[in-house]
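Read through the structure below, which is laid out as structure tokens, and then see the notes.
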Amino acid sequence: MKSFITRKSIFQDSSSSSIIEGTIWKALLVFFFPILFGTFFQQLYNTIDAVVVGRFVGKQALAAVGGGSAVFVNLIVGFFVGLTSGAGVLISQFYGAKNKTEISRSVHTAMALCIVCGILMTILGVGLCSIILKVTKTPFETFALAKLYLRIFFLGMVPMSIYNMASSILRAVGNSRTPLIILIIGCGTNIILDVLFVIVFKLGVAGVAIATVLCQIITAILSLAILMKVKDSYQFSLKKLTVTPHILAHILRLGFPAGIGSSLYTISNLIIQTFINSFGTDYVAAWAAYGKIDAVFWMMINALGIAITTFAGQNYGAGKYDRVKKGMWQSLVLAILFTAMFSLAFELTGKHLFMMFSTDKNVIAEGLRILRFLIPFWGTYISIEILSGTIRGAGKSFVPMMITVFGVCMLRIVWLFTAVPHSNTMQTVIASYPITWTITSLMFWIYYLSGKWLVPKNASH
């Protein structure tokens, strides 16, 4: 019997033509669902790690793999992923404008940049993990495990960067299906290796870290092979791997603000993690488990953000500015509907979800308190992702960064160091999220409605 994944289905763009023509909401959904499932399988990497170590090793291991370790990973990885994200926006604009020469230059410059970033992430991640874990007051009983996990995990940064960049390139040209197929393969491999290394070989947190690195290598190899096989302007060739200065400048101009914004966003989360760590292992484990559960909501809203960014980028490149605006409104409606659906589902199944990660009654009880406090406020975040994605797709990344830096990062830190000392409770700490989401959303709406972000292409250079 022949494979369901044919050569044509892997290499063929699934929605590139429909992005700049036809029914908008249908184009968004066709592009959105493969991204959503792809993000789901990407998140499943870490979630499987957490489930396996939480159930078969213990709550200390769960706190080590989640907790401060996860925030530190987001800090390092988030900056470099943000830095290279400008490539996706640039390629989508060139693809919408049908500029084949600049597409090819952008692809090879982006791949060269991501390799360099991967090397830097490895050096920083391995070198700084002990310092960060101490600064965040990681509990003594989880410190050694967290350090071991991070040092192994960061060895996989180059292949991770290659996969992420390849996925960004494919999505920029409208192909969101191929990254999904690769992630399904990677995730299936990760499950097998987690079981083998942790349950059979008893390697603990080292086992899940090794499994993750091996899967990153597999997905990177598959991604490169696909980009080398495509017969289009975005085909990748090792012989053409070079940096085109003006392309690099454009990528960094678009990506650097996103990288800074992501890092500052994560730094605020790192400070929050420090406060949570001071409450003890039960709270750290509960927060780590909650982070895996609410990741379902974040991957949904993130997928819509990626979809609208690519949609806006291609339509902006094609000069279809009204379509960019309509895409934003229809994305917003979809985000509201999906958020309501996920909120109800988590409210009804919360206890059973936490039991997947831990059998400890204190961890489950505290996790449920966190979940039920934050769920009603998820809707306050929607506008941030949809509006910033639309604005970035139009080539404007500095103002979204500044809004995020002030509205989320600075205000969150102010809250933590003013309100928490007066009421040092878990609820006061996590209240920083809905407060800053609401304020940041209002700031984005003010900027979006001003219309200053949408400058015609010939007027923006």
Side-chain angles (χ1 to χ4, degrees), residues 43 46-74 129-130 132-150 198 204-209 266 268-298 346-347 349-377 412 415-416 419-434:
Q43 178 61 37
N46 292 330
T47 302
I48 291 170
D49 291 350
V51 169
V52 171
V53 298
R55 294 302 298 266
F56 295 99
V57 183
K59 64 183 180 182
Q60 287 82 10
L62 173 59
V65 172
S69 298
V71 179
F72 178 52
V73 168
N74 290 337
C129 64
S130 293
I132 294 297
L133 290 174
K134 289 178 182 177
V135 170
T136 57
K137 300 178 182 179
T138 300
F140 175 78
E141 60 267 30
T142 65
F143 188 94
L145 291 175
K147 182 178 178 181
L148 175 62
Y149 175 80
L150 288 172
V198 177
V205 296
V208 296
T266 306
S268 68
N269 287 337
L270 199 60
I271 295 172
I272 289 174
Q273 186 67 53
T274 303
F275 280 92
I276 292 173
N277 287 346
S278 67
F279 297 137
T281 300
D282 286 348
Y283 288 90
V284 176
W287 183 247
Y290 167 77
K292 304 306 179 186
I293 294 171
D294 87 329
V296 177
F297 165 72
W298 295 110
F346 284 138
E347 180 66 35
T349 62
K351 182 177 180 179
H352 300 288
L353 292 173
F354 277 101
M355 290 174 64
M356 291 172 54
F357 296 93
S358 178
T359 56
D360 189 285
K361 292 182 179 179
N362 292 333
V363 172
I364 295 172
E366 185 56 40
L368 283 172
R369 278 192 287 269
I370 295 170
L371 182 70
R372 287 167 180 165
F373 176 77
L374 288 176
I375 277 181
F377 297 105
R412 188 169 292 175
W415 172 266
L416 291 171
V420 175
H422 294 287
S423 178
N424 190 20
T425 66
M426 187 72 169
Q427 185 167 321
T428 306
V429 172
I430 63 177
S432 60
Y433 286 102

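Sequential numbering from 1 along the given sequence is applied to the chain's residues. It should be emphasised that the depicted structure is a prediction, and the values quoted were computed from it without experimental measurement.
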Tabulate below the donor-acceptor pairs under 3.5 Å that side-chain atoms of residues 362-373 make, not counting sequence neighbours, or state none.
| unit_1 | atom_1 | unit_2 | atom_2 | d |
| --- | --- | --- | --- | --- |
| Glu366 | OE1 | Arg369 | NE | 3.1 |
| Glu366 | OE1 | Arg369 | NH2 | 2.8 |

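Annotation: side chain of Asp294 is not in contact with side chain of Phe346 (no heavy-atom distance under 4.5 Å). No side-chain heavy atom of Thr142 sits less than 4.5 Å from a side-chain heavy atom of Val284. Between Met426 and Phe275 there is no side-chain heavy-atom pair separated by less than 4.5 Å. Within the 4.5 Å cutoff, side-chain heavy atoms of Ile272 are placed close to those of Tyr433.
A distance of 10.5 Å separates CG in Leu374 from CZ in Phe297, rounded to the nearest 0.5 Å. For the atom pair SG of Cys129 and NZ of Lys147, the computed distance is 6.0 Å after rounding to the nearest 0.5 Å. Within the model, atoms CZ of Phe143 and OG1 of Thr138 stand 6.5 Å from one another, a figure rounded to the nearest 0.5 Å. We find the CD1-OH distance between Ile375 and Tyr290 to be 7.0 Å, quoted to the nearest 0.5 Å. With rounding to the nearest 0.5 Å, the separation of CG in Leu133 from OH in Tyr149 is 12.5 Å. Distance check, rounded to the nearest 0.5 Å: NZ of Lys351 to CG of Leu353 gives 12.5 Å.
Heavy atoms only, all atoms of each residue included: Trp287 and Ile430 are closest at CZ3-CG2, 3.6 Å. Across all non-hydrogen atoms, the minimal contact from Phe354 to Ala286 is CE2-O, 3.9 Å.
Remark: Gln427 CD is loosely packed, at most 12 non-hydrogen atoms of other residues, nucleotides or ligands lying under 6.0 Å away.
Every residue was checked against the side chain to side chain contact (heavy atoms under 4.5 Å, CB included) condition with Ala144, not counting sequence neighbours, and none meets it. Residues passing the side chain to side chain contact (heavy atoms under 4.5 Å, CB included) test with Ser268 are Arg412, Ile413, sequence neighbours excluded.
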Residue pair Trp415, Thr428: steps toward the side chain to side chain contact (heavy atoms under 4.5 Å, CB included) verdict
CA-CA 9 Å; Trp415 172 266; Thr428 306; 4.2 Å; yes

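Looking at Thr349, its side chain never comes within 3.5 Å of a backbone N or O of His352 through a donor-acceptor pair. Panel note: side chain Ser432, backbone Leu416; no donor-acceptor pair is recorded below 3.5 Å.
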